[in-house]
Amino acid sequence: MSKIQCIGVLTSGGDAPGMNAAIRSVTRAAIAEGMQVKAIYRGFRGLISGEIREFHTEDVSNIIQRGGTILRTARCDEFTTPEGRKKAYETLKSEGIDALVVIGGDGSLRGAAALSAEYNYPVVGLPGTIDNDLYGTDITIGYTTALDTIMEAVDKIRDTASSHDRLFIVEVMGRDAGFLALNGAIATGAEAAVIPECAIGPDELTRTLKQGLRKTKNSSIVLVAESEVTGGAIGVARRVRELYPEFDVRVTILGHIQRGGSPSATDRILASRMGIAAITALIEGQRNVMIGIKNSQLVYVPFSRAIKGDKAINRDLVNAVSILST
């Protein structure tokens with residue numbers, strides 16, 4: 001493979017705290033290696049339409065502490081088609097971009113994998129998603145910040161729940177994965193976590209709530225992943241009202257506040273390490289891989305594994321919620 005002289009970087013899919021730290025790291029690591037950096041705005045949509053400009057060191061100054069992504073992000077149905085990816089590839093070639101770094105979640109890496117496979121083009125992915133659902137990495141960029149946001153919000157909800165003897169059903173993000181709900185429940189002392197990996201029927205919900213909602217308690221919190229499998233907070237609240245009509249049940253949906261805010265130290269460090277690793281991977285001739293972290297060590301994970309493997313929930317954590325709610 002010829003030497004990489006210019007790299008492109010984009011963010012795609014849902015934003016996550018720490019994406020700016022990753023952009024900063026990729027940019028500065030590439031420049032340190034003598035490469036030119038071109039920033040692609042609005043994800044794959046911007047790649048197709050040519051929303052691109054060169055980045056220098058000063059372009060990524062004072063962004064490590066900012067939430068969101070300075071490159072913006074957008075969904076792009078056109079990129080899911082071979083015709084759309086052909087346009088994207090033609091843009092990369094016309095801009096002189098030799099390799100691409102994609103920062104995003106499952107859908108973003110699927111698109112990156114397709115582009116790389118169809119055109120034998122060097123692409124490296126960084127796992128940027130608050131859901132923490134990508135296989136092959138212990139943690140994803142944005143996850144710890146979102147978890148901290150959930151913890152702070154639920155702590156405040158607990159105050160009002162205690163004041164009014166209420167049961168709060170709190171919905172957190174995690175359409176296909178319950179990592180935020182499960183670890184959020186442990187961090188906040190919630191009485192139960194309802195997650196898609198552990199489908200809860202009426203009988204199991206009854207057992208779960210009986211364990212957590214004791215008569216000696218004057219308030220309770222249940223965290224629910226937003227998944228269709230769980231029914232979300234509204235669905236769970238409806239079932240709880242049927243089972244426990246004596247409880248004053250309230251629903252809170254945290255929504256997009258989980259994606260915002262200044263990234264935690266953990267996310268800033270993780271994104272910075274992964275950004276440098278992405279450039280190292282490209283220099284080593286790697287392609288079609290995601291940068292992951294396992295046991296504090298950076299690893300290369302083939303896209304095929306990252307997007308196809310189901311990241312398992314730690315059953316010890318499920319047990320912990322059950323034990324700690326007794």
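None of the values given here were measured: they were computed from a predicted structure.
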Side chain to side chain donor-acceptor pair (under 3.5 Å) contacts touching residues 102-116 (sequence neighbours left out): Ser12-Ser108, Asp106-Arg110
Any chance you could lay out the side-chain hydrogen bond (donor to acceptor under 3.5 Å, both in side chains) test for Ser264 and Thr144, step after step, and finish with the verdict? CA-CA 7 Å; Ser264 66; Thr144 62; 2.8 Å; yes
Under the side chain to side chain donor-acceptor pair (under 3.5 Å) rule, what pairs show up with a residue in residues 28-40, not counting sequence neighbours? Arg28-Ser61, Gln36-Glu54, Lys38-Glu95
Is the CZ atom of Arg75 crowded by more than 12 outside heavy atoms at less than 6.0 Å? no
Answer whether the closest heavy-atom distance between the side chains of Ile64 and Asn20 falls below 4.5 Å. no
State whether the number of non-hydrogen atoms from other residues, nucleotides or ligands found under 6.0 Å of Arg238 atom CZ is greater than 12. no
Let me see the working for Thr149 and Arg259 under side-chain hydrogen bond (donor to acceptor under 3.5 Å, both in side chains), right down to the final yes or no. CA-CA 9 Å; Thr149 298; Arg259 285 190 182 168; over 6 Å; no
Strictly by ring-ring contact (aromatic ring centres under 6.0 Å, His included), give each pair with a member in residues 28-81 just once, sequence neighbours left out. Phe44-Phe79
Do Phe179 and Met151 share a hydrophobic cluster (ILVMFWY, side-chain heavy atoms under 4.5 Å, transitive)? no
Result of checking Lys87, Lys93, Arg85 against Tyr89 for side chain to side chain contact (heavy atoms under 4.5 Å, CB included): Lys93
Within 6.0 Å of CD1 in Ile257, more than 12 heavy atoms from elsewhere: yes
Is Met290 reachable from Ile130 through a run of I, L, V, M, F, W or Y residues, each pair having side-chain heavy atoms under 4.5 Å apart? no
Between Asp267 and Thr145, is any side-chain donor less than 3.5 angstrom from a side-chain acceptor? yes
Give a yes or no on this: more than 12 heavy atoms of other residues, nucleotides or ligands lie within 6.0 Å of atom CG of Asn319. yes
Ignoring hydrogens and geometry beyond distance, is a side-chain donor-acceptor pair present between Thr11 and Thr73 at under 3.5 Å? no
Output yes when a side-chain donor or acceptor of Asp138 lies under 3.5 Å from a complementary backbone atom of Asn295, and no otherwise. yes
Is the backbone of Gly50 close enough, under 3.5 Å, to the side chain of Thr91 for a donor and an acceptor to pair up by distance? no
Do Thr137 and Met274 touch side chain to side chain, with heavy atoms closer than 4.5 Å? yes
Does a side-chain heavy-atom distance below 4.5 Å link Leu71 with Ile40? no
Would Lys86 pass as a cation-pi partner of Tyr119, given that its NZ or CZ must be under 6.0 Å from the six-membered ring centre and within 45 degrees of the axis? no
Check for a donor-acceptor pair, side chain of Gln258 on one end and backbone N or O of Met173 on the other, with a separation under 3.5 Å. yes
Do Lys3 and Asp98 sit within salt-bridge range, that is, some charged N less than 4.0 Å from a carboxylate O? no
Ion pair present between Arg250 and Asp248, side-chain N to carboxylate O less than 4.0 angstrom? yes
Given side chains that start at C-beta, do those of Thr252 and Glu171 come closer than 4.5 Å, heavy atoms only? no
